[in-house]
*Asks:* 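Once you've had a glance at the structure underneath, I'll fire off some questions.
Numbers for residues simply follow the sequence, beginning at 1. Order of appearance sets the numbers: ligands from 1, and atoms from 1 within every ligand.
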Amino acid sequence: MANASPTLAQALGQAHTLGLARIDAQLLLLHTLGRPEAGRAWLLAHDTDAVPPPAMDAFLALCRRRAAGEPVAYLTGRKAFYGLALQVDARVLDPRPDTETLVDWALQVLQPIAAPRVADLGTGSGAIALALQHQRPDAQVLAVDASAQALQVARANAERLGLPVRFAEGDWLAGLSGSAGFDAIVSNPPYIAADDPHLAALVHEPLNALASGADGLDDIRTISVQAPAHLVPGGWLLLEHGWDQAEAVQALLRQAGFTEVQSRTDLAGHARCTGGRRPPAP
Ligand code: GLN
């Protein structure tokens with residue numbers, strides 16, 4: 001039948017022809033069919049089901065936007081991060097799986113501390129702060145962002161997920177009242193060099209969440225200088241950074257007086273996070 005509706009398998013085949021990665025096509029198809037929670041196994045089990053023409057049109061429109069570079073998370077309005085379903089849009093950075101490395105590390109350093117106080121700087125969608133609060137219900141988590149728009153997204157996520165994170169608008173730690181004595185400060189700040197050609201592939205995301213000066217380290221410099229005064233003695237500063245910045249970030253943390261400076265690798269094996277401790281009280 002020439003006019004028969006395509007099957008799910010055929011729809012995914014068309015997405016492939018448009019250049020989409022299989023996982024992206026699957027997430028967009030689940031979204032289009034109103035089954036975002038159903039999962040990829042459901043698609044496989046239903047691959048001979050028909051996709052009605054209006055849904056097919058909507059799916060192909062999303063596929064074309066994806067092929068032009070829009071993150072899947074913006075097209076579906078959702079992103080899974082550390083087991084949480086976050087709502088995201090173009091007001092915030094699309095949370096990356098690499099950042100789960102930072103959450104793992106923060107949970108480790110907080111593990112021995114009861115009711116720890118934690119700050120997440122540049123929270124964006126709230127991903128890190130919300131993941132920490134979800135894993136450690138006893139923690140007092142403060143999420144900071146300079147963007148009022150980002151804070152709207154993060155607050156909405158906290159409310160929907162029922163997580164009691166507190167929020168503050170601010171430029172890293174500057175001007176934050178009552179913000180001393182953190183057991184850990186964590187951040188996935190912007191860290192891409194302003195002239196990095198890689199930025200051209202990220203035009204759909206907020207530039208102020210991505211780029212940070214000539215070498216990409218301006219914000220990490222600011223945070224590493226501000227952080228010690230806001231940490232308890234022995235408290236940790238943990239930062240995400242670019243795949244080739246570990247050495248430079250380690251040097252900045254040592255200059256700022258941190259001890260036990262070390263790095264952690266992401267899922268791809270890059271040294272993606274670097275941290276250190278405010279020296280314990282003598
Ligand atoms: N990891 C992102 C990228 O390189 C950048 C995120 C950031 O700057 N914090 O695509």
*Asks:* Please list the nearest protein heavy atom to atom 1 (N) of ligand 1 with its residue and the distance rounded to 0.1 Å.
*Replies:* Y191 OH, 2.8 Å
*Asks:* Does the N or O separation between H198 and ligand 1 drop below 3.5 Å for any pair?
*Replies:* yes
*Asks:* I'd like to check which ligand 1 atoms, numbered from 1 as shown, lie under 4.0 Å from a non-hydrogen atom of L202.
*Replies:* 10 (O)
*Asks:* Counting from 1, what ligand 1 atoms have a heavy atom of N188 closer than 4.0 Å?
*Replies:* 7 (C), 9 (N)
*Asks:* So, applying side chain to side chain contact (heavy atoms under 4.5 Å, CB included) with S187, which one of I220, V144, L121 is it?
*Replies:* L121
*Asks:* Under 3.5 Å, is there a donor-acceptor pair between the side chain of D145 and the main chain of G124?
*Replies:* yes
*Asks:* Would you please test D183 and W236 for side-chain hydrogen bond (donor to acceptor under 3.5 Å, both in side chains) and show each step?
*Replies:* CA-CA 6 Å; D183 297 294; W236 286 86; over 6 Å; no
*Asks:* Considering the options L239, I128, D266, which one meets the side chain to side chain contact (heavy atoms under 4.5 Å, CB included) requirement together with L102?
*Replies:* I128
*Asks:* Under 4.0 Å from a heavy atom of P189: which atoms of ligand 1 are those, numbered in the order shown and with their elements?
*Replies:* 7 (C), 8 (O), 9 (N)
*Asks:* Of the backbone atoms (N, CA, C, O) and the side-chain heavy atoms from C-beta on, which set of A209 has a member under 4.0 Å from an atom of ligand 1: side chain, backbone, both, or neither?
*Replies:* backbone
*Asks:* Would you find a donor on one side and an acceptor on the other, under 3.5 Å apart, between the side chain of R136 and the backbone of L110?
*Replies:* yes
